[in-house]
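Read the structure below first, then the notes.
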Amino acid sequence: MKILVLGGIAESKRITQQLIERGHEVIYSIAGLVRQPDLPCELRTGGFSSQDETGAEGLGSYCKKHKVELLLDTTHPYAVGISANAVLAAENAGIDCWRYTRPGWDAASYENWHDFGDWDDLILQIRDFQHPFFTIGASVLEQLDRRPDHQQWIVRSARKLPDIDGIITINAIGPFYYEDELSLMRQNNVDVLISKNSGCPHLAGKLDAARSLGIPVFVQQRPLLARPNKCFDEVEGLLAEIPEFNTSEN
């Protein structure tokens, strides 16, 4: 079976590797190349849109042209646009779209956990802090006009960020370990942590460090994603379904 995997998280590579080992023809796609995936399959980087096509139309056209039989969305739980495009593209191509969504962290394990919905909600809740530490990506820079004069923001991103007055930028790629997170928060006098609920165990060190320091954590609620044909929250459950397809003609 020919399968297009939309990647972006650690499990994406694990799923792809196991599909390859089972004899499937896999194309692994990632929007931006931060690390070179070590996978024995075709690798595609960048989006699927062109000058006259949306991302959904471009992806659907790609699936048709390359005779993709199954589209697997294994992108980040907050990748709203990509997931929506995947569902529409699969419909246009006449194939199924399946999604793996990594389970979130357990909020009940952190007494300092607070949810927030959008930026209006967040800014109101953190207005009295001095040194917020944002670990939700470069999109924070789109909200610079909301920064109160008394706050110095610490912003960490995998993408290189420009130097900006009032902002400490940290260009780094995980995993991030507890001791390192603890040291970083102490060095920058962090008094509140802002995070997405990515659910990645290799990124939970910041939550544990904040708890140790008695720092509140504000966690962005997960968005609603477009509904695919099937959803999975376990890698094994997804992989167990693949053999149900008819591969006798491949």
Side-chain angles (χ1 to χ4, degrees), residues 1-33 37 39-50 52-106 117 137 196-201 220-250:
M1 167 174 277
K2 193 166 189 178
I3 303 172
L4 174 58
V5 177
L6 304 181
I9 59 175
E11 292 93 330
S12 305
K13 291 177 282 188
R14 176 181 164 197
I15 290 168
T16 298
Q17 183 63 51
Q18 292 200 36
L19 289 173
I20 294 169
E21 291 174 359
R22 295 180 184 196
H24 297 289
E25 181 181 356
V26 184
I27 304 169
Y28 185 82
S29 171
I30 190 165
L33 195 57
L39 293 168
C41 68
E42 180 180 343
L43 176 66
R44 179 184 171 88
T45 60
F48 292 88
S49 61
S50 64
D52 58 349
E53 294 177 328
T54 67
E57 291 171 345
L59 177 55
S61 297
Y62 181 91
C63 290
K64 290 179 182 178
K65 180 179 179 180
H66 294 270
K67 296 182 172 54
V68 172
E69 299 170 82
L70 176 65
L71 180 58
L72 290 185
D73 175 10
T74 66
T75 56
H76 196 275
Y78 290 78
V80 177
I82 297 174
S83 291
N85 285 344
V87 170
L88 289 174
E91 290 177 358
N92 293 338
I95 60 176
D96 272 2
C97 175
W98 292 5
R99 179 183 302 130
Y100 166 77
T101 301
R102 174 195 289 155
W105 291 310
D106 181 14
K196 291 179 178 178
N197 187 7
S198 73
C200 178
Q220 184 178 6
Q221 296 169 353
R222 285 192 171 185
L224 293 176
L225 302 176
R227 187 170 183 82
N229 299 100
K230 289 187 179 182
C231 296
F232 302 86
D233 60 8
E234 293 182 349
V235 170
E236 291 74 15
L238 185 155
L239 292 170
E241 292 282 332
I242 300 292
E244 293 184 5
F245 282 86
N246 180 14
T247 60
S248 61
E249 296 181 1
N250 292 344

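Along the sequence shown, residues are numbered consecutively beginning with 1. Scope of the values below: all heavy atoms of this structure, side chains included, with no hydrogens, waters or symmetry mates.
The shortest side-chain heavy-atom distance between Phe48 and Asn85 does not fall under the 4.5 Å cut-off. Under the 4.5 Å side-chain criterion, counting only non-hydrogen atoms from C-beta, Tyr28 is not in contact with Ile20. Two residues are said to be in side-chain contact when any heavy atoms from C-beta on lie closer than 4.5 Å; Arg22 and Leu239 meet this criterion. Residues Leu72 and Leu19 form a side-chain contact, since some pair of their non-hydrogen atoms from C-beta on lies under 4.5 Å apart. Under the 4.5 Å side-chain criterion, counting only non-hydrogen atoms from C-beta, Leu59 is in contact with Leu71. With contacts defined as side-chain heavy-atom distances shorter than 4.5 Å, the pair Ser29/Leu4 qualifies.
Taken from CG in Asn92 to NZ in Lys64, the straight-line distance is 6.0 Å, to the nearest 0.5 Å. Atom CG of Leu88 and atom OG of Ser83 lie 11.0 Å apart (nearest 0.5 Å). Rounding to the nearest 0.5 angstrom, the gap separating the CD1 atom in Ile3 from the CD atom in Glu69 is 8.0 Å. Note: Glu25 CD to Lys2 NZ = 4.5 Å, rounded to the nearest 0.5 Å. One finds the CZ atom of Arg44 at 9.0 Å from the CD1 atom of Ile27 (value rounded to the nearest 0.5 Å).
Ala89 and Ala56 get closest at one heavy-atom pair: CB-O, 3.4 Å. Shortest non-hydrogen contact noted between Val68 and Ile95 is O-CG2, 3.4 Å. Nearest heavy-atom pair, Ala90 versus Cys97, reported as atom, atom and distance to 0.1 Å: CB-CB, 3.5 Å. For Trp98 against Ile242, the heavy-atom pair with the smallest separation is CZ3-CD1, 3.6 Å. Pairing each heavy atom of Thr16 with each of Cys41, the nearest pair is CG2-SG, 4.0 Å. Nearest heavy atoms, Val5 versus Ser12: CG1-O, 4.4 Å.
Listed for the Lys13 side chain is no donor-acceptor partner under 3.5 Å among the backbone atoms of Pro37. Asn197 contributes a side-chain N or O that, together with a main-chain N or O of Trp105, makes up a donor-acceptor pair within less than 3.5 Å. One N or O on the side chain of Thr74 and one on the backbone of Leu6 form a donor-acceptor pair closer than 3.5 Å. Remark: side-chain polar atoms of Tyr78 are paired, donor with acceptor, to backbone N or O of Gln220 under 3.5 angstrom. The closest donor-acceptor contact from the side chain of Lys196 to the backbone of Gly137 lies at 3.5 Å or more, if one exists at all.
Qualifying side chain to side chain contact (heavy atoms under 4.5 Å, CB included) partners for Asp233, counting only residues two or more places apart in sequence or in other chains: Pro103. With sequence neighbours left out, the side-chain hydrogen bond (donor to acceptor under 3.5 Å, both in side chains) criterion links Arg102 to Glu11. With sequence neighbours excluded, the residues forming a side chain to side chain contact (heavy atoms under 4.5 Å, CB included) with Thr101 are Pro77, Arg99, Arg222, listed by chain and number.
Sparse packing is recorded around CD of Glu234, with 12 or fewer heavy atoms of other residues, nucleotides or ligands lying under 6.0 Å away.
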Practice prompt. Show your reasoning for whether side-chain contact (heavy atoms from CB on, under 4.5 Å) applies to Ile9 and Thr75.
Written response: CA-CA 6 Å; Ile9 59 175; Thr75 56; over 6 Å; no
